[in-house]
Visitor: 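Handing you this structure, nothing more for now.
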Amino acid sequence: MNNLRTLFFLAILSLYHLNANSQSSNDISSIALFPQQNEIRNTINLSGIWRFKKDSLEVGEKENWQNGLTNYRSIAVPGSWNEQFTDSRDYLGMVWYEKETYAPSTWRGQRIFIRVGSATYAAKVWINGQLVGKHEGGNLPFAFEIGSYLKWDSSNRISIQVENLLKPTRVPTGEVKGGPFTNFPKSNYDFFPYAGLHRDVWLYSLPSIASIKDITVKTGFTNTTGNVEVKIEAEGKASKGTVILFGNGKRFEVPFSLTNNQATVNVSIPEVRLWSPEDPHLYTLDVSISDAKTTLDHYSLETGVRTISKNNKQVLLNGKPIFLKGFGKHEDFPIIGRGSSNPVMIKDFALMKWTGANSFRTSHYPYDEEFMRMADREGFLIIDEIPAVGLYFHGDTTELAQRQVICKQYLNELITRDKNHPSVIMWCIANEPFPKDLSVSGGGGDRSASPKSIELFKELFALVKAKDNTRLATLVGVMGGPKEWVGLGDVMCVNRYYGWYTHTGELAAATKLLHLELDGLHKAYNKPIIITEFGADTYPGMHTEQSEMFTEEFQVEFLKAYLDFADQKDYIAGMHVWAFSDFKTGQGIIRFGGVNYKGVFTRDRKPKTAAYYLRSRWNK
Ligand code: GCB
């Protein structure tokens, strides 16, 4: 009898877990459209001060912390937890965030979602003590429908558990035995593993009868006529709709009918005004869906009409060669950590423009969505990267398989989120995967591309092309790594530090090697090359009359040597200086004060001499 009772109990328990898991499946399409306030849709931004408590023993869930935190402290969201307190810099274990909020009574009867902009690294969400979902991976949003968990007559408790434990099964990787890094915390990459709720948390409502689920915009042009293809996916009971496109003094209206909740509309624009860094013109696209009589949902976004392609030496924007001048960046600022900050964003764009840059890479993870919209408006060309940094292909095959799963998820989420930005010209599937034996100086034993690694990268490129055939795709190669990996991309992106990590201090020898190596790389694959990183650590205010490493003079000479080299090569399609600004790293013998000083601006955005140098060179 006792056994039967135990069996019954176990069955109920497993049912409960099944249910909990099915609730937690994250529907990627729910992150396609950023929450929007209009006459039909509603939003509440939950950024501000939240309750916070560490759970280093991971007992919170068992002790029902989801039913309310005790002995908590205050924390700001967005922001990393590592720099907000005096005792938590290196803490990456489990924590809980909690916020109370009312759901407006006017939202009753609508579909209600919670959307977390980024929780690094793994998160679980409860509403009023009930688990609604979980998500793995930082730097990308996730959303869950929560209407059935909400109360209308009192406030609602939102509990979010987050942890950022470094593991070899995760991407980016950490705690890798025999990896090339010796820093603490043991990230397998060169930036601080900031943790927490890094972007806004939103509640938003969608109409319950029918809503627009996704909009995919593809643009092109023939002679002076632009073409905008708009694919609409809806859910619920709408039968038709209208696309309105306006801008540059023109307005086009195209009605459509929905078949199986889908429609594709083509709008043609005579005398189109194309999007480019010189003229980042955006058209407004309004999509609405309706039944026989009433408008049921409405969504509006901005779009730029442009094409992106390449030949064997150049990247082509609107069919014409464009040279990418700019930076590799980080989301990094004192105290805020990796948290999004609009003033810092505005300043970063102002400074990039001031230097004359037209491009950047979202190294080494997707950036805040506001940053992407800003780039559309400001006319920047983006290499949009997933957090696949520090990948490797030797060792445990189960771990390798787990990393591949999460890379695919990242690509799916990233393209779902960013596919409508004219600024995004290239998807980047990984930064600096490591061959088996790679030392920081680029030497070592086995540095070949294993057949398995080629197979897995091909799989990721195929996924990208299947999801988006309108943009380029790339992989950023490490110095000393196999050329077969970078050869897989449409454009070959390489990070090079000859003159710094090798040929230390010898810029003439460094550029000689650049000539040799990159001529060979171009010859082997006949594709354009972008140097996506080159730079020298520079302590602000350090000067010598004869240039020497770490001085501001050396940084200028280093950047000049590389830029002069690029000017001589017609196959170089872009140069991204590493880095835009100094940024926090873990502790290590090559990172003075836990900072990477390769910025041309300091961490608080003061220009070093190199920033003035770039400004004079890039504005010519
Ligand atoms: C690289 C990495 C970047 C590092 C940089 C450096 O190649 O991609 O994350 O910060 O080198 O400064 O060593």
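Order of appearance sets the numbers: ligands from 1, and atoms from 1 within every ligand.
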Visitor: Does ligand 1 have an atom under 4.0 Å from some heavy atom of Y497?
Guide: yes

Visitor: Can you tell me which residue and heavy atom of the protein come closest to atom 9 (O) of ligand 1, and the distance to 0.1 Å?
Guide: H364 NE2, 2.7 Å

Visitor: With a cut-off of 4.0 Å, which atoms of ligand 1 are near a heavy atom of E432?
Guide: 1 (C), 2 (C), 7 (O), 8 (O)

Visitor: Which residue, L381, I531, T532, forms the side chain to side chain contact (heavy atoms under 4.5 Å, CB included) with L324?
Guide: L381

Visitor: Side chain, backbone, both or neither: which part of N596 comes within less than 4.0 Å of ligand 1 when only heavy atoms are counted?
Guide: side chain

Visitor: I need the R496 CZ to L514 CG distance, nearest 0.5 Å.
Guide: 8.0 Å

Visitor: Please identify which atoms of ligand 1 are closer than 4.0 Å to at least one heavy atom of K598.
Guide: 6 (C), 12 (O), 13 (O)

Visitor: Can you sort out which atoms of ligand 1 are near F583, meaning under 4.0 Å from one of its heavy atoms?
Guide: 10 (O)

Visitor: Under 4.0 Å from a heavy atom of N431: which atoms of ligand 1 are those, numbered in the order shown and with their elements?
Guide: 8 (O)

Visitor: Let me confirm one number: the OG-CG distance from S453 to L391, rounded to the nearest 0.5 Å.
Guide: 10.5 Å

Visitor: Which protein heavy atom lies closest to atom 10 (O) of ligand 1, and at what distance to 0.1 Å?
Guide: D190 OD2, 2.5 Å

Visitor: For ligand 1, indicate whether the residue R591 contacts it via side chain, backbone, both or neither (heavy-atom separation under 4.0 Å).
Guide: side chain

Visitor: Does W578 approach ligand 1 within less than 4.0 angstrom via side chain, backbone, both or neither, non-hydrogen atoms only?
Guide: side chain

Visitor: Examine the proximity of ligand 1 to E533 and report which part, side chain or backbone, both or neither, has a heavy atom under 4.0 Å away.
Guide: side chain

Visitor: At a 4.0 Å threshold, what atoms of ligand 1 neighbour a non-hydrogen atom of Y501?
Guide: 6 (C), 12 (O), 13 (O)

Visitor: Take the angle between the ring planes of H522 and Y571 and call it parallel below 30°, perpendicular above 60°, tilted in between.
Guide: parallel

Visitor: Under a 4.0 angstrom heavy-atom cut-off, which atoms of ligand 1 come close to N495?
Guide: 7 (O), 8 (O)

Visitor: State, with a plain yes or no, whether a side-chain heavy atom of H543 is found less than 4.5 Å away from one of E553.
Guide: yes

Visitor: Aromatic rings Y392 and H394: how do their planes relate, parallel, tilted or perpendicular, breaks at 30° and 60°?
Guide: tilted

Visitor: If you measure only the distance, is there a donor-acceptor pair under 3.5 Å linking the side chains of N412 and Q409?
Guide: no

Visitor: Ignoring hydrogens and angles, state whether a donor on the side chain of S118 or N139 is under 3.5 Å from an acceptor on the partner side chain.
Guide: no

